[in-house]
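All residue numbers refer to positions in the sequence shown, counting from 1. Only a predicted model underlies this, so the values are computations on that prediction, with no experimental measurement involved.
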Amino acid sequence: MDVDLILRGGRVIDPLTKRNEVMDVAVVNGHISHMTPILGPEIKAQKEIDVRGQIVAPGLIDTHGHIYQHVTGRFGLNPDLVGVRSGVTTIIDQGGPSCMTLGGFRHFVAEPANTRVLCFLSAYLVGGLEGHLYPELYGPGQTNIEHSVRVARDNADIVRGIKGHAEIGGISRWGLDVVKIGKEIARQAGIPLYVHLGQLWPTRNDAPDINADDVVRELVPLLEEGDILAHPFTRHPGGFISMDTGEVHPVVWAALERGVTVDVGHGSHFSFEMARQVMRAGIRPYTLGADLHGYNVAAPDITDSEDRQANPFAGRAPFSLTNAMSKMLFLGMPLDEVMATVTSNPAKMIGMSDTIGSLQVGREADISVLSLESGRFEMTDNSGGREVVDTMLVPSFTLRAGQLFEADSPLVPPLIRVQ
């Protein structure tokens with residue numbers, strides 16, 4: 001039998017099927033045709049790649065991206081720079097498009113991208129503009145339940161949830177009204193609600209003092225099985241840890257018991273100190289999103305204006321999805337558990353376990369090949385914290401529906417080796 005490609009001798013790690021073994025993987029017509037410890041000479045390939053010593057994983061799923069390029073201000077990055085060229089085959093934009101702008105997102109972002117692009121629809125009509133600059137655009141008057149539900153249902157192939165915010169800046173203006181509206185949109189559309197925790201906007205000048213702990217205590221009971229709490233490791237007020245007691249909020253434990261899940265949402269909300277505290281308490285993230293956007297990409301060191309215009313994000317980012325995975329390894333999560341946060345778990349979260357998140361014969365060949373590097377490497381967090389780790393996951397290349405993409409994105413941070 002002739003096939004298009006064989007990946008030889010890599011370690012296949014697939015949390016859904018509990019597979020962790022050295023295998024050959026063959027691809028034909030964009031789908032996986034064979035998976036076996038050794039493919040015999042009767043299987044002939046147009047191309048073979050030796051991946052011995054590397055991890056062959058289901059295509060990584062980034063649950064938190066900002067890729068509505070040219071529409072959401074500096075937030076929107078190119079989907080393929082964050083996606084297939086960073087080792088990720090599926091990326092979920094969190095709150096970029098709204099019921100008003102979903103058509104543009106589909107036509108100009110999702111369809112042209114080589115990466116599989118999905119989204120959680122913004123609860124706000126304006127979508128994911130640079131909201132920290134325009135908080136008044138994010139009140140209950142800037143929502144429409146009926147229209148949002150209709151658009152979500154009519155575009156269920158790419159709309160997999162609803163995005164909302166719960167933090168003291170918004171609460172100082174509108175209380176929990178917008179979060180309740182977001183929950184109602186999600187409930188009527190039959191999809192999960194993804195909730196941002198941790199202060200985002202400044203509080204209103206004439207508002208009384210807002211107790212961040214009270215926000216969490218009032219918000220979290222609104223969430224149901226399948227909903228998602230983001231940014232558990234934020235250092236900003238209004239996270240998992242009570243500012244009064246220094247312990248995880250009891251309402252968070254109750255939410256987890258009824259099936260609410262936790263997404264890391266790395267971005268500007270990751271603190272090693274807070275991660276240690278939350279994980280010591282026994283909370284493990286279910287999914288892992290990089291939350292990479294233009295504001296956390298370093299300004300490129302380019303003096304030529306034409307080069308800057310051609311590639312405004314030529315500078316490296318301080319993190320990526322595989323970088324965030326490496327941090328989870330450092331914090332004590334086993335490799336197979338880390339792999340689940342970016343494969344089988346997010347696939348289940350968005351109701352696509354039968355399509356993505358696993359390597360199986362007959363499925364589309366969405367594959368991420370990673371190197372597990374050993375040495376001494378430095379990683380940082382958003383608070384300026386630095387840690388030296390001895391293991392790093394680094395993307396090598398991806399297959400998206402069988403098409404090969406090198407992990408050559410200028411956004412992927414380099415390994416910082418230390419003595």
Side-chain angles (χ1 to χ4, degrees), residues 1-52 54-63 79-80 82-92 106 109-119 156-158 160 321-322 336 339-340 342-371 395-408:
M1 177 181 179
D2 292 338
V3 298
D4 299 324
L5 174 67
I6 294 176
L7 302 180
R8 288 280 188 192
R11 176 160 293 277
V12 172
I13 299 180
D14 184 351
L16 183 68
T17 60
K18 302 189 184 327
R19 192 186 298 275
N20 187 332
E21 60 183 306
V22 173
M23 304 192 79
D24 291 344
V25 180
V27 175
V28 63
N29 295 327
H31 290 75
I32 298 172
S33 60
H34 301 78
M35 291 178 62
T36 186
I38 299 177
L39 280 171
E42 70 279 6
I43 307 298
K44 303 183 185 304
Q46 295 181 19
K47 180 175 183 177
E48 291 194 12
I49 303 177
D50 185 345
V51 292
R52 285 175 295 180
Q54 296 184 287
I55 295 169
V56 177
L60 303 187
I61 303 167
D62 188 338
T63 57
D80 287 338
V82 187
V84 289
R85 292 177 58 191
S86 288
V88 174
T89 62
T90 298
I91 187 163
I92 303 170
R106 175 188 287 278
V109 178
E111 291 177 351
N114 291 303
T115 309
R116 178 187 283 105
V117 170
L118 307 170
C119 70
D157 59 327
I158 62 172
R160 311 305 296 185
L321 187 62
T322 49
D336 59 347
M339 294 302 303
V342 292
T343 57
S344 56
N345 290 355
K348 182 178 180 181
M349 180 187 86
I350 59 176
M352 294 182 67
S353 292
D354 59 344
T355 305
I356 60 176
S358 179
L359 298 180
Q360 299 180 39
V361 171
R363 286 200 178 193
E364 203 164 47
D366 277 16
I367 301 172
S368 294
V369 177
L370 314 172
S371 293
S396 296
F397 63 88
T398 59
L399 299 181
R400 169 69 185 101
Q403 184 178 357
L404 190 148
F405 297 90
E406 298 293 340
D408 61 358

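Counting all heavy atoms, side chain and backbone alike, Pro395 lies closest to Gly87 at CB-CA, 3.8 Å. Closest of all the heavy-atom pairs between Val28 and Asp4 is CA-OD2, 3.3 Å. Between Leu399 and Leu5, the shortest heavy-atom contact is CD1-CD2, 3.6 Å. Between Leu359 and Ile367, the shortest heavy-atom distance links the atoms CD2-CG1, 3.7 Å. In terms of heavy-atom proximity, Leu16 sits nearest to Ser358 at CD2-CB, 3.5 Å. When all heavy atoms of Gly362 and His31 are compared, the pair lying nearest together is O-CD2, 3.3 Å.
Checked by atom type and distance alone, the side chain of Arg160 pairs as donor or acceptor with a backbone atom of Ala156 at under 3.5 Å. Looking at Ser368, its side chain never comes within 3.5 Å of a backbone N or O of Ala57 through a donor-acceptor pair. Looking only at distances, no side-chain donor or acceptor of Asp14 sits under 3.5 Å from a matching main-chain atom of Arg19. Side-chain N or O atoms of Arg11 include one that pairs as donor or acceptor with a backbone N or O of Asn20 at under 3.5 Å. The backbone N or O of Thr89 lies less than 3.5 Å from no partner atom in the side chain of Thr398, so there is not a single donor-acceptor pair. With Asp24 contributing its side chain and Arg8 its backbone, the two residues share no donor-acceptor pair below 3.5 Å.
Atoms CG and CG, on Leu60 and Leu321 in that order, are 6.0 Å from each other to the nearest 0.5 Å. Atom-to-atom distance recorded for Ile92:CD1 and Cys119:SG is 9.5 Å, nearest 0.5 angstrom. Distance check, rounded to the nearest 0.5 Å: CG of Asp157 to CG of Leu118 gives 8.5 Å. Note: Ile13 CD1 to Lys18 NZ = 14.0 Å, rounded to the nearest 0.5 Å. Between Arg363 atom CZ and Asp354 atom CG the span is 6.5 Å, to the nearest 0.5 Å. To the nearest 0.5 Å, the span separating CE on Met1 from CD on Glu42 amounts to 10.5 Å.
Ile91 places a side-chain heavy atom less than 4.5 Å from the side chain of Val117.
For Val361, the side chain to side chain contact (heavy atoms under 4.5 Å, CB included) partners are Ile32, Met35, not counting sequence neighbours.
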Throw together a table of side-chain donor-acceptor distances under 3.5 angstrom for residues 342-351, partners on residues two or more places apart or in other chains.
residue: Thr343; atom: OG1; partner: Met339; partner atom: O; Å: 2.7
residue: Asn345; atom: ND2; partner: Tyr286; partner atom: O; Å: 2.9

**OP:** Please lay out, stage by stage, how Asp408 and Arg85 fare under the test salt bridge (Lys or Arg N to Asp or Glu O under 4.0 Å).
**Re:** CA-CA 6 Å; Asp408 61 358; Arg85 292 177 58 191; 2.7 Å; yes

**OP:** Before giving the answer on side-chain hydrogen bond (donor to acceptor under 3.5 Å, both in side chains), spell out for Thr17 and Gln360 the whole-Å C-alpha distance, their side-chain angles and the decisive distance to 0.1 Å.
**Re:** CA-CA 9 Å; Thr17 60; Gln360 299 180 39; over 6 Å; no

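With Thr115 as reference, Asp80 is the one residue of Asp366, Asp80, Asp62 to meet the side-chain hydrogen bond (donor to acceptor under 3.5 Å, both in side chains) rule.
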